[in-house]
Participant: 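Encoded as structure tokens, here's the structure I'll be asking about.
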Amino acid sequence: MSDKKTIFSGVQPSGKLTLGNYLGAIKNFQLLQEEYNCIYCVVDMHAITVRQEPAALRRQTLEVLAQYIACGLDPEKSILFVQSHVPAHAELAWVLNCFTMFGEASRMTQFKDKSAKHTDNVNVGLFDYPVLMAADILLYQTDMVPVGVDQRQHVELARNIVQRFNGIHPDTFVMPEPYIPKTGAKIMSLADPVRKMSKSDENQNGFILLMDKPEDIMRKFKRAVTDSDSRIIVADDKPGVSNLISIYALATGQTTEAVEAEFAGKGYGDFKPAVGQAVVELLRPIRTKTEDLLKNKDYLEQVYRAGAAKASYLARKTMDKVYRKVGFVKR
Ligand code: TYM
């Protein structure tokens, strides 16, 4: 690789991708690929920390890969691959387990939330999830990790692990930094704007999927929860409107201030359909391209195979170093 800095990020194939995944993360993956060495992974090993239907997981893994490409990730510029195809992720996770404290892993809010939600399946993998995520990041000597704000704590844990590991075995890992966008880092539910937009929301009106049809997108935006005061401004006590302003700003490439100015004196009757329309136009090419790509499984296979070969090469270099540092005999 050249001396450009390295970017790594991943998305779980645990369902359909949402507008939150796109605006909070994937949109930035694409912007970063021009200036950095970028590695983007479909993290199927993370997905099985909650029960998945095997056929659906296989399909969704290819769908995320297709959506990566449809969102502008270029397999010639970025490494695109599937996590389970590079066994070094699991190998490094094991070593890092031995450098992660039970107490710090217990403090992860996503573990607490998920274990409260899946009380019948609080498995060790769910607890270990952030350590596997640290392995993903550290394996490629990553400088920057573009993520939404909900992943900040996990990147912080990866940083703590680096500090501890490098403290004992100097110069092993690069210290990664989170890259969290100013606008879009936390897109909220359209139905309940104090909660994050999430594909696991029972209320279908709360989230927009990248593959949603235009009429569904329009309907969900028209129904979006706002508040009684009809001013279109960003404010702490107006989470619904603030969220729509962020979405419109990102979809049309403007600042939130410009959006406030555009809709000054107008009401929700003008604003909500305008946001819907902007999102329809934003997602239309992504949806069409994804559908086309999914018809071409051979191409997708070629992309993930080539991606795994390149990723494995880089990962092996780190693993050799790590195994040497911890004292394993060279095989
Ligand atoms: P995942 O699959 O839940 O989400 C993928 C990315 O989308 C972001 N995101 C959001 N951003 C803004 N608003 C939202 N409503 C929203 N919902 C999701 C997430 O922050 C994330 O960036 N643990 C990760 C996957 C992962 C990973 C990694 C990421 C595994 N290994 C290594 C970075 C580096 C996750 O579950 O993301």
Side-chain angles (χ1 to χ4, degrees), residues 6-30 32 38-50 52 57 60-61 63-65 67-68 71 73 81-84 86 89-90 92-93 96 108-111 113-114 125-126 128-159 161 176-201 206-210 239 242-243 246-247 250 311 315:
T6 299
I7 302 277
F8 181 95
S9 199
V11 172
Q12 291 195 70
S14 50
K16 307 276 180 198
L17 296 191
T18 69
L19 185 63
N21 295 132
Y22 179 69
L23 296 178
I26 303 171
K27 187 168 183 280
N28 297 315
F29 295 0
Q30 188 234 330
L32 292 163
C38 294
I39 307 170
Y40 299 122
C41 185
V42 185
V43 292
D44 53 350
M45 288 159 66
H46 279 103
I48 62 163
T49 56
V50 302
Q52 303 289 336
L57 182 61
Q60 286 156 197
T61 301
E63 278 172 11
V64 173
L65 181 70
Q67 290 182 81
Y68 270 175
C71 290
L73 302 188
F81 74 106
V82 177
Q83 189 184 31
S84 63
V86 181
H89 289 252
L92 184 58
L96 298 184
M108 296 293 112
T109 54
Q110 206 159 72
F111 169 68
D113 292 348
K114 285 194 182 173
L126 193 63
D128 203 28
Y129 178 115
V131 183
L132 178 60
M133 179 163 160
D136 298 341
I137 297 168
L138 305 189
L139 203 46
Y140 300 98
Q141 304 292 356
T142 301
D143 296 286
M144 242 170 20
V145 187
V147 280
V149 85
D150 63 328
Q151 297 300 318
R152 184 197 290 277
Q153 196 187 30
H154 291 161
V155 180
E156 283 303 324
L157 178 73
R159 290 171 56 81
I161 296 173
E177 301 278 343
Y179 175 97
I180 296 174
K182 198 167 138 265
T183 306
K186 192 172 187 187
I187 299 295
M188 310 308 279
S189 159
L190 301 185
D192 182 6
V194 293
R195 288 173 43 200
K196 183 185 81 163
M197 180 182 285
S198 162
K199 53 202 159 202
S200 55
D201 196 337
F207 55 83
I208 301 287
L209 299 176
L210 297 192
S242 302
N243 188 39
S246 298
I247 293 173
L250 291 165

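Order of listing sets the numbers, starting from 1, for every ligand and every atom in it. Just so you know, these numbers use all the heavy atoms, side chains as well, and skip hydrogens, waters and symmetry mates. Residue indices begin at 1 and follow the sequence shown.
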Participant: If you have a sec, work out which protein heavy atom is nearest atom 31 (N) of ligand 1 and how many Å separate them, to one decimal?
Facilitator: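 Result for atom 31 (N) of ligand 1: D136 OD2, 2.6 Å.
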Participant: Would you check whether G20 has a nitrogen or oxygen atom less than 3.5 angstrom from a nitrogen or oxygen atom of ligand 1?
Facilitator: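 Checking ligand 1 against G20, an N or O pair does fall under 3.5 Å apart.
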Participant: Considering both backbone and side-chain atoms of S9, is one of its nitrogen or oxygen atoms within less than 3.5 Å of a nitrogen or oxygen in ligand 1?
Facilitator: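 In fact, backbone or side chain, S9 has no N or O that close.
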Participant: What is the ring orientation for F8 with Y140, classed by angle as parallel under 30°, tilted 30 to 60°, or perpendicular over 60°?
Facilitator: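 The rings of F8 and Y140 lie parallel, inter-plane angle below 30°.
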Participant: For atom 22 (O) of ligand 1, which candidate among A158, G148, A47, A134 holds the nearest heavy atom?
Facilitator: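 Residue with the shortest heavy-atom distance to the ligand atom: G148.
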Participant: Quick one: look up the protein heavy atom nearest atom 18 (C) of ligand 1 and list residue, atom name and how far away it is.
Facilitator: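 Atom 18 (C) of ligand 1 sits closest to the protein heavy atom N21 ND2, 3.1 Å.
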Participant: Should the heavy atoms of other residues, nucleotides or ligands under 6.0 Å from CD1 of I48 be counted, would the total exceed 12?
Facilitator: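 Incorrect, the count does not exceed 12.
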Participant: Which atoms from ligand 1 have a heavy atom of A185 less than 4.0 Å away?
Facilitator: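 By the 4.0 Å cutoff, the relevant atoms are 11 (N), 12 (C), 13 (N).
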Participant: Would Q110 count as a polar contact of ligand 1, with the cut-off being nitrogen or oxygen pairs under 3.5 Å?
Facilitator: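 It does not: no N or O of Q110 is found under 3.5 Å from an N or O of ligand 1.
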Participant: What protein heavy atom is closest to atom 25 (C) of ligand 1, reported as residue, atom name and distance in Å?
Facilitator: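 Atom 25 (C) of ligand 1 sits closest to the protein heavy atom G10 O, 3.5 Å.
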Participant: As an exercise, state the distance from CG of L92 to CG of L139, rounded to the nearest 0.5 Å.
Facilitator: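 Rounded to the nearest 0.5 Å, the CG-CG separation comes out at 5.5 Å.
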Participant: Considering heavy atoms of the protein only, find what lies nearest to atom 13 (N) of ligand 1 and give residue, atom and distance to 0.1 Å.
Facilitator: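 Of every protein heavy atom, I187 N, 2.8 Å lies nearest to atom 13 (N) of ligand 1.
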Participant: What do you reckon, does G184 put a non-hydrogen atom under 4.0 Å from ligand 1?
Facilitator: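 The answer is yes: ligand 1 sits under 4.0 Å from a heavy atom of G184.
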Participant: Give the residue and atom name of whichever protein heavy atom lies nearest to atom 23 (N) of ligand 1, and the separation in Å to one decimal.
Facilitator: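 Nearest neighbour among protein heavy atoms for atom 23 (N) of ligand 1, to 0.1 Å: Y129 OH, 2.6 Å.
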Participant: Is any N or O atom of Q12, backbone or side chain, closer than 3.5 Å to an N or O atom of ligand 1?
Facilitator: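 Looking only at distances, the answer is yes, because the N/O contact criterion of under 3.5 Å is met.
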Participant: Which residue and non-hydrogen atom of the protein lie closest to atom 37 (O) of ligand 1, and at what distance in Å?
Facilitator: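 Going atom by atom, the protein heavy atom closest to atom 37 (O) of ligand 1 ends up being Q151 NE2, 3.9 Å.
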Participant: For a side-chain contact (heavy atoms from CB on, under 4.5 Å) check, start with the C-alpha distance between K196 and K186, then their side-chain angles and the critical distance, and finish with the verdict.
Facilitator: CA-CA 6 Å; K196 183 185 81 163; K186 192 172 187 187; 4.0 Å; yes
Participant: Heavy-atom pairs closer than 4.0 Å: do any link ligand 1 to the side chain of S198, the backbone, both, or neither?
Facilitator: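 Under 4.0 Å from ligand 1, S198 contributes no heavy atoms.
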Participant: Taking both backbone and side-chain atoms of H154, is any N or O found less than 3.5 Å from an N or O belonging to ligand 1?
Facilitator: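 No, there is no polar N/O contact under 3.5 Å.
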Participant: Pull out every atom of ligand 1 sitting under 4.0 Å from any heavy atom of I137, numbered as shown with elements.
Facilitator: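 Those atoms are 32 (C), 34 (C).
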Participant: Quick one: which ligand 1 atoms are inside 4.0 Å of a heavy atom on G24?
Facilitator: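 Within the 4.0 Å cut-off of G24, ligand 1 contributes 11 (N), 12 (C).
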Participant: Among protein heavy atoms, which lies nearest atom 6 (C) of ligand 1, and at what distance?
Facilitator: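 Result for atom 6 (C) of ligand 1: A25 CB, 3.7 Å.
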Participant: Determine whether a donor-acceptor pair (N or O, by modelled atom type, separation under 3.5 Å) exists between the side chain of Q153 and the backbone of T109.
Facilitator: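 At least one qualifying donor-acceptor pair exists.
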Participant: Does any N or O of ligand 1 fall below 3.5 Å from an N or O anywhere on P146, backbone included?
Facilitator: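 Not met; the criterion fails.
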Participant: Please round to the nearest 0.5 Å and tell me the distance separating atom CE of M133 and atom CG of L96.
Facilitator: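 The distance works out to 13.0 Å.
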Participant: Parallel, tilted or perpendicular: which fits the ring planes of F29 and Y40, with parallel below 30° and perpendicular above 60°?
Facilitator: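 Parallel, since the angle between the ring planes stays under 30°.
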Participant: Is the backbone of Y129 close enough, under 3.5 Å, to the side chain of H46 for a donor and an acceptor to pair up by distance?
Facilitator: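 Judged by distance alone, yes, a pair lies under 3.5 Å.
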Participant: Does the side chain of I7 reach to within under 4.5 Å of the side chain of Y179, using non-hydrogen atoms?
Facilitator: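 No; the side chains remain at least 4.5 Å from each other.
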Participant: How about R195 and D201: do any of their side-chain heavy atoms sit closer than 4.5 Å?
Facilitator: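 In contact.
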Participant: Would you give the length of the straight line joining atom CG of L23 to atom CE of M197, rounded to the nearest 0.5 angstrom?
Facilitator: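 So the gap between those two atoms works out to 8.0 Å.
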Participant: Looking at CD of Q12 and CE of M45, how far apart are the two atoms once the value is rounded to the nearest 0.5 Å?
Facilitator: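 CE of M45 is found 12.0 Å from CD of Q12.
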Participant: Among V145, D150, V147, L23, which residue places a heavy atom closest to atom 20 (O) of ligand 1?
Facilitator: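 Considering heavy atoms of V145, D150, V147, L23, the nearest to atom 20 (O) of ligand 1 sits in D150.
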Participant: Hey, does C71 have a side-chain heavy atom less than 4.5 Å from the side chain of Q30?
Facilitator: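 No, their side chains stay 4.5 Å or more apart.
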Participant: Could you pull out the closest heavy-atom pair between A158 and I137, with the gap in Å?
Facilitator: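 The answer is CB-CD1, 4.3 Å.
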Participant: Does any N or O atom in K196 lie less than 3.5 angstrom from one in ligand 1, N or O only?
Facilitator: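 No, no N or O pair falls under 3.5 Å.
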Participant: Regarding ligand 1, does V149 bring an N or O atom to under 3.5 Å of one of the ligand's N or O atoms?
Facilitator: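 No.
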Participant: Out of M133, K186, M188, who is nearest to atom 28 (C) of ligand 1 when you count heavy atoms only?
Facilitator: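 It is M133 whose heavy atom sits nearest to atom 28 (C) of ligand 1.
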